[in-house]
Amino acid sequence: MALPVYDELCLNSDEPFGSSPVLDFSLGLALSVNVFLLFAAVVGNMLIVRVFHLIVSINSSSRTLFYSLAASDLCVGFIVQPLNLVHLISDITGNRSLCQSTLPYFKVIGFAMCSVSLLTASEISVDRLLALRLRLSYRQVVSLGRVRLVVVVTWLVCLVSSLTTLWNPEAFSLLQMIGIASNIAVSTISYACIHHNLRQQEKHRKQRIFAQGVSEVSSFRSLHYKKSLSTALWVYCVLMSCYLPYIMVAALWSVFGAHREVAVMCQAFAVTLLYFNSAVNPVLYCLKIREVKERFKRLLSHVSCN
């Protein structure tokens, strides 16, 4: 993802504010943070992909969606972050030609990977809603083959749509805003429906207990489902916290415009927060999924012993 106006954000060393101390410090700080985030995203998500492969207690369909999310975060660390570092270095040095030469790759791949993350987060929310509504028929309807097909289509759609920035920037900006709004709406509606359904089920359960005078325990509303729902909700909330500042910067810049120096600094920090999401997701999985935490510890101990 990128701001609506691209080439204008490439600084030139000949411009009067090219050597601004505030700008240089801000970009240097963003560069340092992004170097750390690069290594954190690569190492963390490589370990998480390995850990998910070892865990069999998580439903295979849900695990495939988390695989997709971890893979997009890994691509951010391997591909997008290095391009972002080159872009920051070109702004610090005022090398406009280097900035303009890397921008097309940065825009296309960055937009594609961030789109995969957003879409996958929405798909995880829909998956949790289907698990609640379908209950026993969930595994038949949400089969592993269908989920894999959804993941493949998601990656293809994101990669193809990201190419629109090369031939039609206006269509790209419109597609970007529509995609963000749609994904936020789908996830929000899904979790709202889940909350409503759980409250209704809890109300009916208490009514049955009161009428029959015995305690009933629903096998579906198990601790396992609650934990998986909590993990999905945390992933969504953290993702939105990292993406909303970027969305606000992009919207304000496109509507009101800004001094180029201010725009470059805002973009640098907004994009840094955007990519922070890829580094923090592995930590989130370890904190919210007990099996992942245990396997992660074993894997780290095995690596350290070797």
Which atom names give the shortest non-hydrogen contact between Ala41 and Leu74, and what distance separates them?
O-CD1, 4.2 Å

With hydrophobic residues grouped by side-chain heavy-atom distances under 4.5 Å, do Leu37 and Val271 end up in a single group?
yes

Looking only at heavy atoms, which two atoms of Cys193 and Leu129 are closest? And how far apart?
CB-CD1, 3.8 Å

About how many Å separate CD of Gln200 and NE2 of His196, when rounded to the nearest 0.5 Å?
4.5 Å

Whether the side chain of Ser187 engages the backbone of Ile184 through a donor-acceptor N/O pair (distance < 3.5 Å, no angle test) should be reported.
no

Looking at every heavy atom in both Asn183 and Ser122, which two are closest together, and how far apart are they?
OD1-OG, 3.0 Å

Going by the rule side chain to side chain contact (heavy atoms under 4.5 Å, CB included), which residues pair with Ser230 if we only count those two or more places apart in sequence or in a different chain?
Trp234, Lys288

Is it true that atom CZ of Arg148 has more than 12 heavy atoms of other residues, nucleotides or ligands lying nearer than 6.0 Å?
no

To the nearest 0.5 Å, how far apart are CG in Leu273 and OG in Ser241?
8.5 Å

List, by chain and then residue number, the residues other than Leu98 in its hydrophobic cluster (Ile/Leu/Val/Met/Phe/Trp/Tyr, side-chain heavy atoms under 4.5 Å); write none if there are no others.
Val86

Residues that Val283 engages under side chain to side chain contact (heavy atoms under 4.5 Å, CB included), provided they are two or more places apart
Leu287

Considering all heavy atoms, the nearest Pro245-Met240 contact
CD-O, 4.4 Å

Is it true that, when you exclude Phe52 itself, more than 12 heavy atoms of the residues, nucleotides or ligands shown sit nearer than 6.0 Å to its CZ?
yes

Write down the atom of Val116, the atom of Ser72, and the distance for their closest heavy-atom approach.
CG1-CB, 3.6 Å

Can any side-chain N or O of Tyr285 pair as donor or acceptor with the backbone N or O of Ala70 at less than 3.5 Å?
no

Kindly indicate, with the supporting measurements, whether the criterion side chain to side chain contact (heavy atoms under 4.5 Å, CB included) is fulfilled by His195 and Leu233.
CA-CA 11 Å; His195 177 71; Leu233 188 57; over 6 Å; no

CZ of Phe111 to OG of Ser161, rounded to nearest 0.5 Å, is 4.5 Å

In chain order, what residues pass the side chain to side chain contact (heavy atoms under 4.5 Å, CB included) check against Ile55, with sequence neighbours excluded?
Val51, Ser57, Ile58, Glu291, Val292, Arg295

Starting at CG of Asn277, measure out to SG of Cys114 and round the result to the nearest 0.5 Å.
8.5 Å

Write down the atom of Gly77, the atom of Val42, and the distance for their closest heavy-atom approach.
C-CG2, 3.5 Å

Linking I/L/V/M/F/W/Y whenever their side-chain heavy atoms sit closer than 4.5 Å, directly or via other members, would Val126 and Val150 fall into one cluster?
no

In terms of side-chain heavy atoms, does Asn95 have a donor or acceptor partner in Ser90 at a distance below 3.5 Å?
no

With sequence neighbours excluded, what pairs up with Tyr191 under the ring pair (Phe, Tyr, Trp, His ring centres under 6.0 Å) test?
Tyr236

Quick check on Met46: does its CE atom have over 12 non-hydrogen neighbours (other residues, nucleotides or ligands) under 6.0 Å away?
no

Residue pairs passing the ring pair (Phe, Tyr, Trp, His ring centres under 6.0 Å) test with at least one member in residues 132-169, sequence neighbours excluded, are none

